[in-house]
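Here is the structure we will look at, set down as structure tokens.
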Amino acid sequence: MALFVFNSASKMVSSPFVILHCILICVTLHCNNLAEAKMNPRPNIVLILTDDLDVSIGGMGSIFSKNIPLVKTKKLIGDAGITFTNTFVASPLCCPSRASILTGKYPHNHHVVNNTLEGNCSSTAWQKTQEPETFPAFLQKHGIYQTFFAGKYLNEERNSKYYNYTLSVNGRAQRHGQNYSEDYLTDVLANISIDFLENKSNRRPFFMMVSTPAPHSPWTAAPQYESNFPNIKAPRDPNFNVHGKDKHWLIRQAKTPMTNSSVEFLDNAYRKRWRTLLSVDDLVEKVVRKLEVRGELSNTYVIFTSDNGYHTGQFSLPMDKRQLYEFDIRVPLLVRGPNIKPNQTSPLLIANMDLGPTILDIAGYSVNETQMDGMSFLPTMTGKGNSSTWRSDVLVEYEGEGSNISDPACPLLGPGVSECFPDCVCEDSYNNTYACVRTVAQAANLQYCEFDDNEVFVEVYNLTADPFQLSNIAKSIDQEVLEKMNHRLMMLQSCSGQSCRTPGVYDSQFRFDPRLMFSSLPAFYDKHLE
């Protein structure tokens with residue numbers, strides 16, 4: 001179970017030997033940089049990361065409504081600052097997405113492809129090559145900031161729990177049972193975070209990251225919230241319980257309409273997810289109020305987001321993430337902090353790999369000092385940015401997983417599928433491997449995706465005309481647009497660092513030169529054949 005609590009005397013890694021080594025380094029850095037920290041006061045930073053929280057389930061409705069789970073979060077962070085409405089993940093799965101948050105890189109550059117050690121999730125290779133380049137490690141290395149982490153770090157198989165887990169507290173195992181007052185994980189994380197705020201040094205700024213298990217399965221609510229939202233149901237949007245007739249075969253294999261029992265199961269799961277979010281809402285309130293009581297709130301950036309989205313019945317898929325559609329790749333992003341005016345909403349296109357560069361920018365460092373692919377959106381939040389110079393597209397990558405043998409309960413599906421439900425609807429497969437360009441610009445709101453399968457299946461959506469992605473327009477869209485989007489996809493798949501921030505198809509500076517696409521291919525294939 002990969003749950004960690006680290007303070008500034010430890011590094012975000014799993015090896016106790018490295019942790020002990022870092023205690024000595026951080027103590028030294030602490031002494032050498034106290035004077036500098038005092039002379040150059042910098043803002044504090046809090047990042048609250050939820051698990052599987054999509055925009056649809058986000059519960060960010062009116063603050064006057066009592067029938068949503070994140071009332072206080074919206075009021076204390078969103079209404080007190082800025083809400084980004086076009087925030088996307090680099091990959092719709094826990095470990096690759098979290099790796100993008102921490103490294104500021106696309107998956108093709110941090111090489112984490114799924115939630116297994118074999119997929120480079122928390123592997124030795126990750127710890128040696130990518131972890132030292134994460135933004136918390138960067139902050140630690142420079143010694144000005146105290147750093148603190150609590151919760152789910154990356155992911156090791158299915159490790160989201162609310163009871164009966166083990167925390168690694170600076171490398172020391174701390175076992176928890178099933179007593180609510182002592183062991184409910186969301187509350188434990190809240191209490192540990194408050195302890196850090198009360199006991200940290202007041203002479204140095206801090207970075208604190210809290211990663212909650214909610215609303216990930218098994219959706220275990222705190223006892224006081226077990227009966228909330230008795231009548232809530234999964235959203236009946238236009239894409240709920242309909243056949244994805246023009247989509248990749250994995251989507252087409254879903255049975256439509258779903259059985260009554262399947263829909264009932266989805267609605268129950270949706271209610272449970274909302275109930276777990278009530279404890280997240282309490283955590284947010286405790287942290288913000290503690291900062292306020294300590295007189296630190298006005299100099300602290302508080303960021304709230306998720307690692308990926310989630311679906312419950314869209315296109316008759318039962319429940320999971322991993323798909324290319326908005327419900328799995330779009331996440332909430334709320335930020336409050338110094339010089340951010342309240343009640344702002346921004347349509348700026350943000351990727352979760354932008355969090356690292358933005359946090360470093362807040363801390364006074366430049367993304368150019370790193371190998372990160374993302375960009376800082378701090379200037380936009382503080383009113384100093386120019387949206388006309390911001391990129392118009394981002395990349396979404398996913399590598400599908402499947403079993404080498406057939407599921408005995410679903411023999412007709414054959415090998416190569418995974419995440420199958422009792423009615424033989426599967427959520428993943430080996431050839432559910434795709435890359436997408438997600439474009440948000442004044443002139444276009446598009447998604448262009450290519451699958452790595454035998455037919456090189458393509459899906460294209462005009463989100464302005466078709467926000468629920470009901471119609472794949474790959475065969476009807478202008479051929480020139482298709483060529484440009486394909487070109488941009490190939491460029492982004494082979495980008496690294498600064499080249500990931502170059503103008504997109506709908507930027508005025510974009511130049512369509514197919515020769516550039518082919519000149520960049522060798523680097524792309526070299527990386528994927530290693």
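Basis for what follows: all heavy atoms, side chains included, without hydrogens, waters or symmetry-related copies. Quick caveat: nothing in here was measured; it's all calculated off a predicted structure.
Ring planes of Tyr434 and Tyr398: tilted class, angle from 30 to 60°. Ring planes of His142 and Tyr365: tilted class, angle from 30 to 60°. Using bins of under 30°, 30° to 60° and over 60° for the plane-to-plane angle, the ring pair Trp274/Tyr270 lands in the tilted bin.
With hydrogens and angles left out, the side-chain atoms of Asp328 and Asn308 include no donor and acceptor closer than 3.5 Å. Ser376 and Asp361 form a side-chain donor-acceptor contact under 3.5 Å, judged by distance and modelled atom types alone. Side-chain atoms of Ser97 and Asn352 form a donor-acceptor pair, as typed in the model, at a separation below 3.5 Å.
The distance from atom CD1 of Ile473 to atom OG of Ser471, rounded to the nearest 0.5 Å, is 8.5 Å. Here the CG-CG distance, from Asn486 to Leu482, works out to 8.5 Å after rounding to the nearest 0.5 Å. Here Thr256 contributes atom OG1 and Met258 contributes atom CE; the two are 7.5 Å apart, rounded to the nearest 0.5 Å.
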(message) ring-ring contact (aromatic ring centres under 6.0 Å, His included), that's the test. Do Tyr153 and Phe149 meet it? Break it down for me.
(response) CA-CA 8 Å; Tyr153 179 37; Phe149 178 90; 5.6 Å; yes
(message) I'd like to know whether Asn120 forms a side chain to side chain donor-acceptor pair (under 3.5 Å) with Ser123, so could you lay out the CA-CA distance, the side-chain angles of the two residues, the decisive distance to 0.1 Å, and finally the verdict.
(response) CA-CA 5 Å; Asn120 204 30; Ser123 67; 2.3 Å; yes
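Note that Arg273 lies in the cation-pi zone of Tyr310, set by a 6.0 Å cut-off to the ring centre and a 45° limit from the axis. Annotation: cation-pi geometry satisfied between Lys247 and Phe315 (NZ/CZ under 6.0 angstrom from ring centroid, within 45° of ring axis).
Under 4.0 Å is where a charged nitrogen must lie from a carboxylate oxygen, and between Arg98 and Asp307 at least one such pair does. Electrostatic pairing of Lys321 and Asp52 counts as a salt bridge here, judged by a charged N lying under 4.0 Å from a carboxylate O. Under 4.0 Å is where a charged nitrogen must lie from a carboxylate oxygen, and between Asp79 and Lys74 at least one such pair does. Salt bridge annotation for Asp393-Arg488: present, with a cationic side-chain nitrogen under 4.0 angstrom from a carboxylate oxygen.
Applying side-chain hydrogen bond (donor to acceptor under 3.5 Å, both in side chains) to Arg330 and the options Asp54, Thr87, Asn86 leaves one that passes, Asn86. Each of Thr433, Asn432, Asn431 was checked for a side-chain hydrogen bond (donor to acceptor under 3.5 Å, both in side chains) with Ser429, and the lone residue meeting it is Asn431.
In this structure, the side chain of Asp453 engages the main chain of Val456 through a donor-acceptor pair within 3.5 Å. Between the Arg42 side chain and the Ala363 main chain, a donor and an acceptor come within less than 3.5 Å of each other.
Scored by the disulfide (SG to SG under 2.5 Å) test, Cys94 finds no partners at all (sequence neighbours excluded). Remark: Ser499 pairs with no residue by the side chain to side chain donor-acceptor pair (under 3.5 Å) rule, at least two apart or across chains.
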